[in-house]
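Down below is the structure, laid out as structure tokens.
Model, not experiment: these values are computed from the prediction. Basis for what follows: all heavy atoms, side chains included, without hydrogens, waters or symmetry-related copies.
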Amino acid sequence: MKNDLRQEGEYELFKTTRGHQILSLDNKDYYALVKGQTGDIIVKSDDNHDKEKTLSSGKFYYVDFNDDPKFQDTPHLFLEDGEKFNEMILPEGFPKDKDYQKKLVRTDETISKEKISEHVE
């Protein structure tokens with residue numbers, strides 16, 4: 001089992017004054033989390049947003065799993081929420097400047113800090 005920890009750091013998920021959810025990774029990468037007609041998407045954005053309130057913040061891990069029996073072999077984003085981590089699946093990875101939106105799968109799974117340590121760190 002070889003998992004590829006691609007990125008880790010601090011995140012903030014906040015709601016804008018226009019009602020949008022923005023995910024900030026290390027205060028340098030910004031993404032809008034959007035409910036689309038055919039499912040959720042993550043859209044590359046910038047830092048030009050008026051924040052209404054912070055929804056959550058903490059540590060994040062972006063991991064590409066390979067032959068791990070506990071996780072699907074696709075990139076996952078884990079966002080710390082208290083004593084657990086929320087899981088999001090990014091089947092095509094993060095959006096880039098030229099390919100600015102990608103599919104996002106929000107799961108109802110919460111992962112313990114211990115399980116994150118076993119499979120990620």
Handout entry: Asp47 CG: over 12 foreign heavy atoms closer than 6.0 Å
Key = yes
Handout entry: Atom NZ of Lys115: over 12 foreign heavy atoms under 6.0 Å
Key = yes
Exercise for the section: Show your reasoning for whether side-chain contact (heavy atoms from CB on, under 4.5 Å) applies to Thr16 and Asp50. Expected result: CA-CA 5 Å; Thr16 69; Asp50 293 324; 5.8 Å; no
Kindly work out whether a path of hydrophobic side-chain contacts (I/L/V/M/F/W/Y, heavy atoms less than 4.5 Å apart) joins [X] to [Y].
{"X": "Leu104", "Y": "Leu77", "answer": "yes"}
{"X": "Ile116", "Y": "Val63", "answer": "yes"}
{"X": "Val34", "Y": "Tyr31", "answer": "no"}
{"X": "Tyr61", "Y": "Tyr11", "answer": "no"}
{"X": "Leu33", "Y": "Leu55", "answer": "yes"}

Practice task
Could you list the residues that satisfy side chain to side chain donor-acceptor pair (under 3.5 Å) with Thr54, not counting sequence neighbours?
Solution key: Glu12
Exercise for the section: Sequence neighbours left out, what passes side chain to side chain donor-acceptor pair (under 3.5 Å) with Asp40? Give chain and number order. Expected result: Arg106
Exercise for the section: State, yes or no, whether a side-chain contact exists between Lys70 and His119 at a heavy-atom distance under 4.5 Å. Expected result: yes
Quick one: pull up [atom1] in [X] and [atom2] in [Y] and give me the separation to the nearest 0.5 Å.
{"X": "Glu10", "Y": "Lys59", "atom1": "CD", "atom2": "NZ", "answer": "6.0 Å"}
{"X": "Lys44", "Y": "Asp29", "atom1": "NZ", "atom2": "CG", "answer": "5.0 Å"}
{"X": "Leu79", "Y": "Leu25", "atom1": "CG", "atom2": "CG", "answer": "7.5 Å"}
{"X": "Leu23", "Y": "Ser56", "atom1": "CG", "atom2": "OG", "answer": "8.5 Å"}
{"X": "Leu5", "Y": "Phe65", "atom1": "CG", "atom2": "CZ", "answer": "9.5 Å"}
{"X": "Thr74", "Y": "Asp64", "atom1": "OG1", "atom2": "CG", "answer": "7.5 Å"}

Handout entry: Partner residues of Thr38 under the side chain to side chain contact (heavy atoms under 4.5 Å, CB included) criterion, sequence neighbours left out
Key = none
Completion exercise
Residue set satisfying side chain to side chain contact (heavy atoms under 4.5 Å, CB included) with Lys28, at least two apart, ordered chain then number -> Asp26
Practice task
Under the side-chain contact (heavy atoms from CB on, under 4.5 Å) rule, what do Arg18 and His49 come out as? Steps first, then yes or no, please.
Solution key: CA-CA 9 Å; Arg18 295 181 175 220; His49 300 282; over 6 Å; no
Side-chain donor-acceptor pairs of residues 82-100 under 3.5 Å, sequence neighbours excluded:
unit_1: Asn86; atom_1: ND2; unit_2: Asp81; atom_2: OD2; d: 3.4
unit_1: Glu87; atom_1: OE1; unit_2: Thr107; atom_2: OG1; d: 3.1
unit_1: Glu87; atom_1: OE2; unit_2: His76; atom_2: NE2; d: 3.2
unit_1: Asp99; atom_1: OD2; unit_2: Lys102; atom_2: NZ; d: 2.8

Handout entry: Salt bridge flag under 4.0 Å for residues Asp4 and Arg6
Key = yes
Practice task
Check which hydrophobic residues are tied to Phe14 through side-chain heavy-atom contacts below 4.5 Å, counting indirect links as well, and list them.
Solution key: Ile22, Tyr30
